[in-house]
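Letters go in sequence order (proteins before strands), and every chain restarts at 1. Only heavy atoms go into these numbers, but all of them, side chains included; no hydrogens, no water, no symmetry mates. Computed from a prediction, not measured in an experiment: that's the story for all the values here.
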Number of protein chains: 2
Amino acid sequence: MESPPHATASADEMPSIWKEQHAQDAPPGFVPPMGPGEVAAVESLLGYEFRDKALVEQALTHGSFYYPYRPGVTYERLEYLGDAVLTCVVSREVFLTYGQLQPGPLTRLRAANVDKEKLARVAVVHGLHHFLRHKAPNLDGQITDFIEELSMYPIHSNGLLDPPKVLCDVVESLIGAIYCDSNFNQEIVWQVFQKLADPLISLETLGKHPVSELFEFCQKTRRGVKIVKDEWDKNLTVEVLIDGEMVGRATYAQKKEIAQNRAAKAALDKLKETLG
Amino acid sequence: MESPPHATASADEMPSIWKEQHAQDAPPGFVPPMGPGEVAAVESLLGYEFRDKALVEQALTHGSFYYPYRPGVTYERLEYLGDAVLTCVVSREVFLTYGQLQPGPLTRLRAANVDKEKLARVAVVHGLHHFLRHKAPNLDGQITDFIEELSMYPIHSNGLLDPPKVLCDVVESLIGAIYCDSNFNQEIVWQVFQKLADPLISLETLGKHPVSELFEFCQKTRRGVKIVKDEWDKNLTVEVLIDGEMVGRATYAQKKEIAQNRAAKAALDKLKETLG
């Protein structure tokens with residue numbers, strides 16, 4: 001069988017005639033395999049050579065890649081496993097690095113190093129997203145937007161960015177694949193992740209969430225603060241009122257939470273500017 | 001210095017004169033050490049011999065044990081670490097046992113095996129709670145109540161019981177102590193936990209949450225269901241209305257969620273009884 005002409009194109013770019021022909025030819029769940037060159041490139045980016053190369057393919061295959069067929073094996077099980085081992089090794093690292101730190105800040109530090117944004121960053125900084133196998137219509141555009149916005153926040157945006165979840169998933173699934181392939185060796189997982197995630201977020205670089213910072217600031221300076229989110233359903237906008245006056249606002253269509261965080265940041269910037 | 005007369009008694013049982021004398025004698029944060037016999041007993045219960053015996057003491061010391069002094073080292077950091085490694089090894093076990101299972105049920109199975117109730121069960125089944133070092137006034141009574149109620153639910157109550165969090169914490173902290181002591185050997189952690197948690201909850205024994213079960217049941221049988229929680233603040237009671245009629249209710253003072261789960265269970269029992 002000839003290899004499909006647009007194997008990695010997004011579903012809506014694919015000619016419908018080809019889709020129909022292909023649907024007749026291919027078994028349910030057929031997807032083109034990854035070439036050995038691609039597998040080697042991913043191994044090189046990760047700094048890990050797989051015994052079982054099929055795990056690389058599995059870790060990079062999104063459910064949409066099977067479109068228009070019945071989905072076969074995807075990265076989701078490996079993502080589940082990778083999430084667990086990553087949390088473990090990063091918890092240990094933070095525990096050892098900060099020998100006296102209490103569980104509250106330990107948990108915040110760990111979370112910042114394995115959250116959606118940090119892992120999505122890891123994916124695009126190392127170019128792992130180029131090897132993602134998907135046909136989700138808007139994903140490539142979302143990834144491009146995310147990469148552009150990243151440059152504004154060199155360490156972490158603390159809730160101002162909205163990274164495509166797939167980017168985070170795929171780092172977790174690759175880590176899960178390494179954990180499997182290494183016969184569940186967490187030291188190997190840690191070695192790989194440490195390089196990928198460098199520099200890890202430390203107590204010094206751990207930022208504050210804009211909403212917490214806003215509330216702390218207003219409490220200290222005895223201002224009344226209110227975040228108005230009720231109108232978001234209608235106008236996709238969240239506003240921040242300080243002592244009844246609108247000081248910050250943000251519009252974001254996809255998630256109310258991101259609009260809220262950006263409105264809080266806008267208010268903080270305005271307050272700091274006003275106070276010199 | 002003589003050993004304090006009621007070293008492990010709860011704070012409100014302690015004669016106030018002794019508390020004052022002791023406060024003058026002891027350095028801030030002083031607590032009586034665990035005896036070698038007690039440490040050996042805990043090691044025997046866990047099936048693990050510690051190189052660093054101080055970890056056993058730390059893993060079993062609740063912040064209240066320092067009362068009335070400034071708190072010193074407690075189990076909280078070890079609990080943070082133990083939670084992470086436990087989630088990892090149980091995730092792996094479930095992943096390997098169910099080679100085709102999707103992430104949703106994998107996550108539910110993992111959660112059931114490391115949640116507050118399962119770990120609190122582990123603590124009392126093995127008698128680890130006898131070695132807990134605390135002075136929290138009501139804790140011993142809560143533990144006794146929990147042990148009594150446990151017998152009604154041989155595997156898991158799925159949200160009907162309200163286990164004292166300390167019992168779960170102390171299993172996590174002991175696991176964290178073993179992880180530390182074994183130079184972060186997750187295989188040793190798994191061996192110990194597997195024995196303690198036996199039998200693990202499997203797909204076959206994984207129960208349904210009463211609220212989910214109630215909603216599923218009513219959807220299937222085309223009944224309208226409403227859980228009325230608004231009155232809980234006043235009368236500590238949650239009611240379940242099926243097609244407008246009160247079918248189940250439960251009163252629980254400590255947590256609204258437990259009252260809700262028990263009300264849902266009562267409604268399900270009633271529905272099943274009515275339908276034969």
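A distance of 3.5 Å separates SG in B:Cys88 from OH in A:Tyr179, rounded to the nearest 0.5 Å.
Within residues 97-120 of chain B, the residues approaching chain A closer than 4.5 Å by heavy atoms are, in numerical order, B:Tyr98, B:Gly99, B:Gln100, B:Leu101, B:Gln102, B:Pro103, B:Leu106, B:Thr107, B:Arg110. By a heavy-atom distance cut of under 4.5 Å, B:Gln186, B:Glu187 are the residues of residues 185-200 of chain B near chain A, going up by number.
When the shell of 6.0 Å around CD of A:Glu213 is examined, it contains more than 12 heavy atoms from other residues, nucleotides or ligands. Taking a 6.0 Å sphere around NZ of B:Lys256, one finds it holds more than 12 heavy atoms contributed by other residues, nucleotides or ligands. Within 6.0 Å of CD in B:Glu43 there are more than 12 heavy atoms belonging to other residues, nucleotides or ligands. For B:Glu93, the CD atom counts as densely surrounded, since its 6.0 Å shell holds more than 12 non-hydrogen atoms of other residues, nucleotides or ligands.
Ranked by heavy-atom pairs under 4.5 Å with chain B, the list A:Glu79, A:Glu76, A:Arg92 is led by A:Arg92.
Note on ring orientation: taking the six-membered ring where Trp is involved, the planes of A:Phe95 and B:Tyr80 are parallel (angle under 30°, cut-offs 30° and 60°).
Among all heavy-atom pairs drawn from B:Ala84 and A:Thr87, the shortest one is CB-O, 4.2 Å.
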